[in-house]
Amino acid sequence: MSRRYDCADAGERATGLREAASAIRRGEQVVIPTDTLYGIGADAFNAEAVAGLLAAKGRGRNMPSPVLVGSPTTLHGLVTDFSEQAWELVDAFWPGGLTLVAKHQPSLRWDLGETRGTVAVRMPLHPVALELLNTTGPLAVSSANKTGGPSPATCDDAFEQLGEAVSIYLDGGVANFSQASSIVDVTGKVPVLLRAGAVSVEQLREVVPDLEAGS
């Protein structure tokens, strides 16, 4: 049976974070609040856990899971060929609603789906998410909805779609932005906007003026 913890209550928050970390270590899935939407998370380095995440969403391997990190320094162990412009985007918008698609370290033993050597990575601006991430390390996290379903701005939204497929629900109230992160591909010489979202194109171009719009 799924358990839900109200993170507005200090005692429940501490218990919920502890239980969520334990669930992650067991290879289970948890729902967490972020600054954009609610997310469903699993150990990024546990292939079975990530497969369970994709299955809970009804999502195929052709749509691999993004990864959330608790600190920009974590990138050093995850990505390679990270450009100066990519670091400028990190400095400007992390933690926050910007996901960067970068080349991942070829030595990493993970299976996020059919990534073609890349990873979509973000540092969220949410205290509950960050506390969990700094306990567990990088998590595979995708929006906590069924594929094609409505975006989950509340814990109730997430539970209505995912139900008992998730072990632990951390309720952090209504998501601040209630929209998905912006996604920028930094694998090439020029950053490319793949999805407009929480960070506007104008904000991005203030940092990287040559940002291109994806097709």
Side-chain angles (χ1 to χ4, degrees), residues 1-54 56-57 64-78 90 93-100 108 110 112 119-145 151-159 161-178 180-181 198:
M1 177 180 289
S2 297
R3 286 167 288 171
R4 178 168 172 167
Y5 297 91
D6 180 3
C7 293
D9 179 277
E12 280 202 42
R13 172 173 165 161
T15 301
L17 284 165
R18 185 171 60 251
E19 292 297 319
S22 295
I24 293 293
R25 287 192 289 270
R26 292 193 300 269
E28 298 171 2
Q29 291 74 42
V30 303
V31 160
I32 62 174
T34 79
D35 49 334
T36 55
L37 302 169
Y38 272 75
I40 175 175
D43 183 353
F45 297 97
N46 182 328
E48 290 185 4
V50 175
L53 182 159
L54 295 176
K57 286 179 59 70
S65 175
V67 169
L68 293 189
V69 297
S71 168
T73 59
T74 307
L75 285 172
H76 294 293
L78 299 182
V90 168
F93 300 112
W94 280 20
L98 176 64
T99 296
L100 298 175
L108 287 178
W110 62 10
L112 302 170
V119 59
V121 63
R122 184 170 86 88
M123 180 182 174
L125 180 58
H126 195 288
V128 173
L130 289 174
E131 190 169 348
L132 182 62
L133 288 161
N134 286 317
T135 300
T136 62
L139 295 178
V141 179
S142 186
S143 57
N145 58 336
S151 298
T154 67
C155 198
D156 285 338
D157 293 341
F159 184 79
Q161 297 185 67
L162 301 178
E164 298 296 330
V166 174
S167 297
I168 302 293
Y169 286 81
L170 299 180
D171 188 348
V174 179
N176 288 336
F177 289 115
S178 299
S181 65

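Quick caveat, the model's predicted, so the values are computed rather than measured.
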Could you check if a side-chain atom of Val69 sits within less than 4.5 angstrom of a side-chain atom of Leu78, using non-hydrogen atoms only?
-> yes
Please list, chain by chain and in numerical order, all residues satisfying side-chain contact (heavy atoms from CB on, under 4.5 Å) with Thr136, sequence neighbours excluded.
-> Ala21, Ile24, Leu132, Leu139
Scan for salt bridge (Lys or Arg N to Asp or Glu O under 4.0 Å) pairs involving residues 122-135, sequence neighbours excluded, and state none if there are none.
-> Arg13-Glu131, Asp35-Arg122
Find out whether Glu28 and Val166 are in side-chain contact, i.e. whether some heavy atom of one side chain is under 4.5 Å from a heavy atom of the other.
-> no
Set of residues satisfying side-chain hydrogen bond (donor to acceptor under 3.5 Å, both in side chains) with respect to Ser65, sequence neighbours excluded | none
The reported gap from CG in Leu112 to CG in Leu54 (rounded to nearest 0.5 angstrom) is 8.5 Å
Results of side-chain contact (heavy atoms from CB on, under 4.5 Å) for Glu12 - residues two or more places apart only = Tyr5, Asp6, Asp9
Taking all non-hydrogen atoms of both residues, which atom of Cys7 and which atom of Gly172 are closest, and how far apart?
-> CB-CA, 4.4 Å
Heavy-atom pair with the smallest gap, counting every atom of Val67 and Ala44 = CG2-CB, 4.4 Å
Could you list the residues that satisfy side-chain hydrogen bond (donor to acceptor under 3.5 Å, both in side chains) with Thr135, not counting sequence neighbours?
-> none
Mind checking ring pair (Phe, Tyr, Trp, His ring centres under 6.0 Å) for Tyr169 and listing every partner two or more places apart, or none if nothing turns up?
-> Phe159
Do side-chain atoms of Lys57 reach the backbone of Gly52 as a donor and acceptor pair under 3.5 angstrom?
-> no
Applying salt bridge (Lys or Arg N to Asp or Glu O under 4.0 Å), name anything that partners Asp171, two or more places apart in sequence or on another chain.
-> Arg4
Applying side-chain hydrogen bond (donor to acceptor under 3.5 Å, both in side chains), name anything that partners Glu19, two or more places apart in sequence or on another chain.
-> Arg3
Drop me the distance from Asn145's CG to Leu37's CG, to the nearest 0.5 angstrom.
-> 8.0 Å
May I ask you to test the Leu162-Val31 pair for a side-chain heavy-atom distance under 4.5 Å?
-> yes
Shortest non-hydrogen contact from Pro138 to Asp43?
-> O-OD1, 4.4 Å
Side chain to side chain, Ile40 and Val30, heavy atoms closer than 4.5 Å | no
Contacts of Ala49 meeting side-chain contact (heavy atoms from CB on, under 4.5 Å) (sequence neighbours excluded), chain-then-number -> Gln29, Ala42, Asn46
Can you check whether Leu53 reaches Ser142 side chain to side chain, under 4.5 Å on heavy atoms?
-> yes
Out of Leu17, Leu170, Val128, which one pairs with Ile32 under the side chain to side chain contact (heavy atoms under 4.5 Å, CB included) rule?
-> Leu170
Using side chain to side chain donor-acceptor pair (under 3.5 Å) as the criterion, point out the one residue from Thr99, Thr34, Thr36 that pairs with Ser181.
-> Thr99
Ser2: partners by side-chain hydrogen bond (donor to acceptor under 3.5 Å, both in side chains), with sequence neighbours left out = Glu164
Where do Pro72 and Val90 come nearest, in terms of heavy atoms and distance?
-> CB-CG1, 3.9 Å
Sequence neighbours excluded, the answer for side-chain contact (heavy atoms from CB on, under 4.5 Å) partners of Thr154 is Asp156, Asp157, Val174
Worked check of side-chain contact (heavy atoms from CB on, under 4.5 Å) between Phe93 and Leu125 = CA-CA 10 Å; Phe93 300 112; Leu125 180 58; over 6 Å; no
Looking at residues at least two apart in the chain, or sitting in another chain, which of them share a ring pair (Phe, Tyr, Trp, His ring centres under 6.0 Å) with Trp110?
-> Phe45, His104
Do Cys155 and Pro33 come within less than 4.5 Å of each other through their side chains, counting heavy atoms only?
-> no
